[in-house]
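One structure is given here, and the rest of the page talks about it.
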Amino acid sequence: MKLSRQLELMLLAVFLIIYIGTLWVNLANTQFYLNTQLESHAQDTSSFLGIAISRQLQDGDSAAMETLANALFDRGDYKEITIESYDGIETIERKTAISVEKVPQWFINFFTLETPRKHSEIMQGWNRIGKVYVQSHPGYAYSVLWKSTIRLFIFYSALFIAFSLAGIFILRRLLKPLKQVVEQAKALSRREYIIQKDIPKTHELKVIVESTNLMTSSIQGLFEIQARNTQRLKELAYKDPLTGFHNRRHFEAQLKCNLLALPNEKHCGALLLIQIHKLEEINRANGFEAGDQLLIKASNLIKTSLKGISQHIIGRMAGATFAILLPHLNSKEAESIAQVFCEKLPTLYSKQYTLSADVAHIGICIYQSGQDAHDVLSDADAAMREAQAKGMNTWKIYAASSLGEIQLRHERMSIIANVISQESIVLFAQSVVDTTDEQNIMHSECLMRIPTTDGKLQSAEIFIPIAEQVGLARELDKQVLKKLIDYLNSDVKNNNKAIFSMNLSLTAFEDPKFVKEIYDLLATIKTENKRIIFEVTEYAVIHNTAFLKSFVKKIQTLGHGFSIDHFGNSYSDFGYFHSLKPDYVKLDKTYASSILEDEDSQFFVDGICQICHHQNIKAIAVGVERDDQLLQFKNLGIDGIQGFIAGEPVKLLNNDNHSDKK
């Protein structure tokens, strides 16, 4: 066979690889995002339906539940809607067989779309009274995927034919193999865009190299278009298309991160829940376009009411219910915003966007860091129900009983004083493992548990803020250090190279006497192979850098270590790395929750790993619970991980080498 024919066949094969690979990647991405949307659609519907029928299920109103279930099911978007009560009295089930028109069966069999059966609890206050099961119907998704496949097939077939003809025409003029060009073309199937900068002087070679460079640039442009399309699909999955606000799933994710991102603050901010009334009546009376206009006008009022508020997150939860997250705002500021919005509501009625002068009500919840997102939303919903009882276009703020708060505070203060006087705190430890060898334990973090009056052990996180406010945090730190040293000294023979870390409170460095006591206690460790690494939050490091320099130098002289906890939770440079020389930094646990989806988090983690490794500092990820999170952190260069995937906390027992699980 002639060399030119061999090259022609080779280039055709390369183009075919590119053609099939590009088409397959596009279809696979489209299939993935449709699967994601079907799952999100089912979960969002089950959550909405669980909330919507809670009152009807409680009252035994089967007709109302069936009406709502039928209204959703008759749209044809669902394969199954099932409502079950835990007492077994009420069960409503709607199912339909999968029927997809104008889509070949072989295509359905080949490109399977998953329609998971999602469920949601039906709540009455804190009680679970039933479940809602929802499974989306994949018919419309299959139709979209089939049409997308046809368009992509035609488009890429045309490109394949055009590039193949151009390549054959050029290759017929070549007399020598073009290895680099072939490798360049093969790289395209791997999404590697290699542009040859050294252009040969030989005319024939120059033409083929320039043509291949042009082809590479063209296909790179196609992939960039596909990337933008993927971004648009992502927006469809996380953004409400009508109002432009976040959808429920994305808003709740933002709320959870906000609750985790600001520890040790009494109040993190406010959550406003807004419900616009009579949307369904408007849809029935005037059509869905009128209902959409009402929602758009209401969303514009929300935006204008928030004018001047730099930090806010708005979400459309379901139907005509909106939520506003206002970090750092107190109750008076939140009430002021609610009042402004309520004053604007009558304009919707006067301009005939709604059927009633009673346009909407607002529930406000002032949340604290560490609260559960579901609890915050429930409190805001309860406040909104109370607002509805007050009258038209009113708001209500949720506030727990001040007497109850005072009583709880006194109880916790009493528990803290009791454990300090009796030295009754209990130590647990959780392993930090090496990502390159998960059997290798880098060190173990010492965790404090507080015994309460009922004999149960609770995490110290709920007691530390109060202890710091009343000046008892240092006493707890000292007791932890004493018990940890007792454990190390009791286990000299069995664990000669034990390394433990412990946290120091924010107020630890305000008392020079306490710092001296730390030095004296460290001197009592019986073997030099036992090391304690003191973890200090990034916030404390920033505000105590000057003092920490002498502290770190002293403990390092004694053979112990220093690290920075909750790293990435404050805005600061890394100038203190060189002066403090921490053994490692622990990323804030919010990065574990966002590392798979958030490119900004990935960029930060990758950057901090490079900075740390340049200065011989290890980077540790906290809160890692799943294999996919672990793999992502490994790829980004994290040295160690801490979380349930690496090991649960275990109780430290003196005088033996055994551990009890928590």
Side-chain angles (χ1 to χ4, degrees), residues 187 190-194 223 227 230-231 234 253 257 260-261 263 429-445 497 499-501 503 531 533-542 545 552 556 561-648:
R190 303 190 299 271
R191 295 191 180 186
E192 297 175 4
Y193 310 110
I194 302 174
F223 275 119
T230 300
Q231 179 62 30
K234 182 180 179 182
C257 289
L260 293 172
Q430 188 176 32
S431 299
V432 177
V433 302
D434 193 333
T435 53
T436 60
D437 181 7
E438 296 177 26
Q439 302 301 316
N440 178 30
I441 298 177
M442 300 171 66
H443 68 272
S444 298
E445 180 178 0
K497 294 184 179 180
I499 302 176
F500 284 87
S501 67
N503 292 278
R531 295 184 69 230
I533 303 174
F534 293 93
E535 295 184 359
V536 180
T537 65
E538 185 182 26
Y539 178 87
V541 170
I542 295 171
T545 304
V552 171
Q556 288 176 343
F562 167 76
S563 69
I564 303 172
D565 197 12
H566 293 293
F567 188 80
N569 206 16
S570 300
Y571 299 100
S572 61
D573 56 30
F574 309 119
Y576 53 79
F577 272 18
H578 180 72
S579 58
L580 295 180
K581 293 183 173 58
D583 291 60
Y584 57 84
V585 297
K586 278 188 175 179
L587 299 179
D588 189 77
K589 61 182 179 182
T590 56
Y591 289 100
S593 62
S594 62
I595 196 64
L596 297 176
E597 300 87 8
D598 191 349
E599 293 184 358
D600 290 338
S601 296
Q602 296 170 9
F603 178 80
F604 174 82
V605 172
D606 180 62
I608 194 59
C609 286
Q610 294 184 38
I611 293 172
C612 288
H613 295 162
H614 181 71
Q615 301 194 42
N616 199 28
I617 300 170
K618 295 186 181 298
I620 295 173
V622 178
V624 182
E625 313 296 349
R626 306 198 312 266
D627 289 331
D628 52 357
Q629 292 174 323
L630 172 59
L631 180 60
Q632 181 68 284
F633 277 121
K634 281 184 177 180
N635 293 336
L636 293 172
I638 283 289
D639 301 289
I641 57 129
Q642 182 178 358
F644 284 136
I645 193 173
E648 297 183 10

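In what follows, residues are counted from 1 in the order of the sequence shown. Predicted, not measured: the structure shown is a model, and the values here were computed from it.
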Considering only heavy atoms from C-beta outward, does the side chain of [X] approach that of [Y] to under 4.5 Å?
X      : Y      : answer
Val433 : Ile641 : yes
Ile638 : Val624 : no
Gln629 : Leu596 : yes

- Item | Option among Glu445, Glu648, Gln642 that satisfies the side-chain hydrogen bond (donor to acceptor under 3.5 Å, both in side chains) test with Gln430 |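 That would be Gln642.
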
Looking at every heavy atom in both [X] and [Y], which two are closest together, and how far apart are they?
X      : Y      : result
Ala592 : Gly623 : CB-O, 3.5 Å
Lys586 : Asp565 : CB-OD1, 3.6 Å
Met442 : Gly640 : SD-CA, 3.7 Å

- May I have the step-by-step check of side-chain contact (heavy atoms from CB on, under 4.5 Å) for Ile533 and Tyr584, ending in yes or no? CA-CA 10 Å; Ile533 303 174; Tyr584 57 84; 3.7 Å; yes

Between [X] and [Y] (side chain of the first, backbone of the second, donor and acceptor by atom type, cut-off under 3.5 Å), is there such a pair?
X      : Y      : answer
Asp583 : Phe562 : yes
Asp639 : Ile620 : no
Asn635 : Leu631 : yes
Gln556 : Gly561 : no
Ser431 : Ile441 : no

- Message: To the closest 0.5 Å, what do you measure between CD1 (Ile608) and CG (Leu636)?
- Response: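 Those atoms lie 12.5 Å apart.
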
- Just how far is it from atom CD1 of Ile564 to atom CG of Leu580, taken to the nearest 0.5 Å?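 Result: 6.0 Å between the selected atoms.
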
- Query: Does the side chain of Gln632 pick up a donor-acceptor pair with the side chain of Asp628 at under 3.5 Å?
  - Reply: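 Checked: Gln632/Asp628 side chains show no N/O donor-acceptor pair below 3.5 Å.
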
